[in-house]
Amino acid sequence: MLQIQFIRENKQTVLDGLAKRNFANAETMIEEVLNTDETRRTTQVSLDNVLAESNKISKEIGQLFKSGEVQKANLLKEKTGQLKDQSKELTEKLNEASDKLQELLYQIPNIPHASVVPGKNEEDNEEIFKEGIVPDLGDNALPHWELAKKYDIIDFDLGAKVTGAGFPIYKGKGARLQRALISYFLDKNTAAGYTEVQVPHLINEASGYGTGQLPDKEGQMYHVTVDDLYLIPTAEVPITNMLRGDLLQESDLPKAYTGYTPCFRREAGSYGAHVRGLNRLHQFDKVEIVRVEHPERSYESLNEMVEHIKGILRELKLPYRILRLCGGDTGFTAALTFDFEVYSTAQERWLEISSASNFETFQANRLKLRFKNKEGKSQLAHTLNGSSLALPRVLAGILENYQTENGIRIPEVLVPYCGFDFID
């Protein structure tokens with residue numbers, strides 16, 4: 001979340017940033033935040049004064065009793081009783097204002113980076129890079145869900161039988177290709193300096209708030225109500241929360257992790273042809289990269305993450321493009337996001353396969369994730385994350401772009417991982 005001091009000192013910057021996002025009632029919300037903060041601060045001052053006076057009188061009472069001035073001491077004791085009542089009232093008022101301020105701040109998204117353009121939705125995103133050759137498959141090209149059925153490698157109906165729509169079952173060479181992609185992505189990431197971790201697939205509420213999934217995306221998460229735990233929507237959440245509450249040394253930075261997990265998203269309200277097959281699922285596999293950086297280096301790091309993902313897609317030889325998201329399409333917690341999309345030749349549309357984002361201090365403020373700078377002062381770190389990569393649409397892209405009349409070729413870089421070079 002945004003730091004209250006930043007909002008106080010940069011009100012117009014905050015309002016301009018929220019305008020880029022088309023954030024409704026921004027001015028009213030910010031005024032309420034500032035008024036609540038003013039109440040909190042003045043109440044804190046009043047409480048501090050009352051407590052200071054109470055402490056002063058307590059010392060005087062002790063001295064009076066020692067000197068035998070019992071009557072004066074008893075009179076002052078009556079005063080301390082009044083001060084205790086005042087401090088109780090002020091403490092309640094302070095807690096109420098602090099809780100309200102926290103709730104308000106949780107509702108305000110991050111301020112977009114200066115390079116982010118205003119916009120309403122994905123139609124206003126900027127294409128900044130495109131690479132790769134779209135193969136000419138002729139008129140008989142099949143979408144991946146038909147290829148999956150033809151070669152019996154993914155069974156959507158069987159997954160629906162076992163669980164429901166959006167939970168496919170991978171079979172035979174489909175399952176092996178899925179496993180190969182996971183291993184390949186992890187190997188690429190660890191070779192680039194990321195430490196591999198295996199993390200829980202369930203998180204507690206504090207972790208959801210820490211990275212910003214709660215309360216913003218509560219309706220999109222699967223909630224295990226009996227234990228008050230949530231199925232993870234991405235490995236970013238447990239990986240970043242490993243450092244929640246930590247005070248690092250500047251020399252500890254950067255922290256770089258990668259992890260594979262299944263991801264669970266309710267995707268409430270999703271329907272239509274664009275969600276067929278692997279296009280949108282309730283459970284899917286993803287390999288994630290997460291970085292904790294010094295603020296002075298975080299955007300250089302973001303660019304490095306983008307180049308790293310580019311390298312993977314080049315080796316897979318998939319046609320792809322990169323978009324810089326506009327204000328209206330940038331996620332709640334992000335300051336700047338680059339989306340990667342692979343071209344689905346059979347569907348004749350772009351499919352998002354990765355997002356690389358810099359959250360600046362937004363998550364770190366929630367997480368209380370800090371480091372000691374060279375001056376020995378505590379400072380919030382910057383957090384970043386990216387998909388490298390989300391498997392369903394990468395798999396869809398491979399099946400469609402590598403299809404032939406006789407079967408599906410396997411990208412050369414994956415053959416050692418698969419143990420086969422063709423699906424027929």
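- Residue Lys149 places its NZ atom among 12 or fewer non-hydrogen atoms of other residues, nucleotides or ligands, all under 6.0 Å distant.
- The minimum heavy-atom distance linking Leu18 with Pro109 is given by the pair CD2-CG, 3.8 Å.
- Under 3.5 Å, the side chains of Thr330 and Arg21 contain no donor-acceptor pair of N or O atoms.
- Other residues, nucleotides and ligands place more than 12 heavy atoms under 6.0 Å from the CG atom of Asp227.
- Judged by distance alone, the side chains of Glu307 and Asn303 never bring a donor and an acceptor atom under 3.5 Å apart.
- Counted by atom type alone, Glu360 and His382 present zero donor-acceptor pairs between their side chains at under 3.5 Å.
- For Glu96, the CD atom sits in a loose shell: 12 or fewer heavy atoms of surrounding residues, nucleotides or ligands are nearer than 6.0 Å.
- Side-chain atoms of Gln403 and Glu146 include no donor-acceptor pair closer than 3.5 Å.
- By the neighbour-count criterion of 12 heavy atoms within 6.0 Å, atom CD of Glu300 is densely surrounded, having more than that number from other residues, nucleotides or ligands.
- A side-chain donor-acceptor contact under 3.5 Å links Tyr260 and Asp285.
- A 6.0 Å sphere centred on CD of Glu250 holds more than 12 heavy atoms belonging to other residues, nucleotides or ligands.
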### Task
Run the numbers on His113 and Tyr299 for ring pair (Phe, Tyr, Trp, His ring centres under 6.0 Å), then give the verdict.
CA-CA 10 Å; His113 186 263; Tyr299 279 97; 4.5 Å; yes
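- No more than 12 heavy atoms of other residues, nucleotides or ligands lie within 6.0 Å of CD in Glu348, so this atom counts as exposed by the packing criterion.
- More than 12 heavy-atom neighbours from other residues, nucleotides or ligands sit within 6.0 angstrom of CD on Glu127.
- Atom NZ of Lys217 has more than 12 heavy atoms from other residues, nucleotides or ligands within 6.0 Å.
- Side-chain contact annotation: Arg276 with Asn279, donor-acceptor N/O pair under 3.5 Å absent.
- Inter-residue side-chain proximity for Gln363 and Leu369 is flagged as unmet; no heavy-atom pair is nearer than 4.5 Å.
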### Message
With ring pair (Phe, Tyr, Trp, His ring centres under 6.0 Å) as the criterion, how do Tyr106 and Tyr209 come out once you've worked through the C-alpha distance, each side chain's angles and the decisive distance to 0.1 Å?
### Response
CA-CA 9 Å; Tyr106 275 143; Tyr209 273 93; 4.9 Å; yes
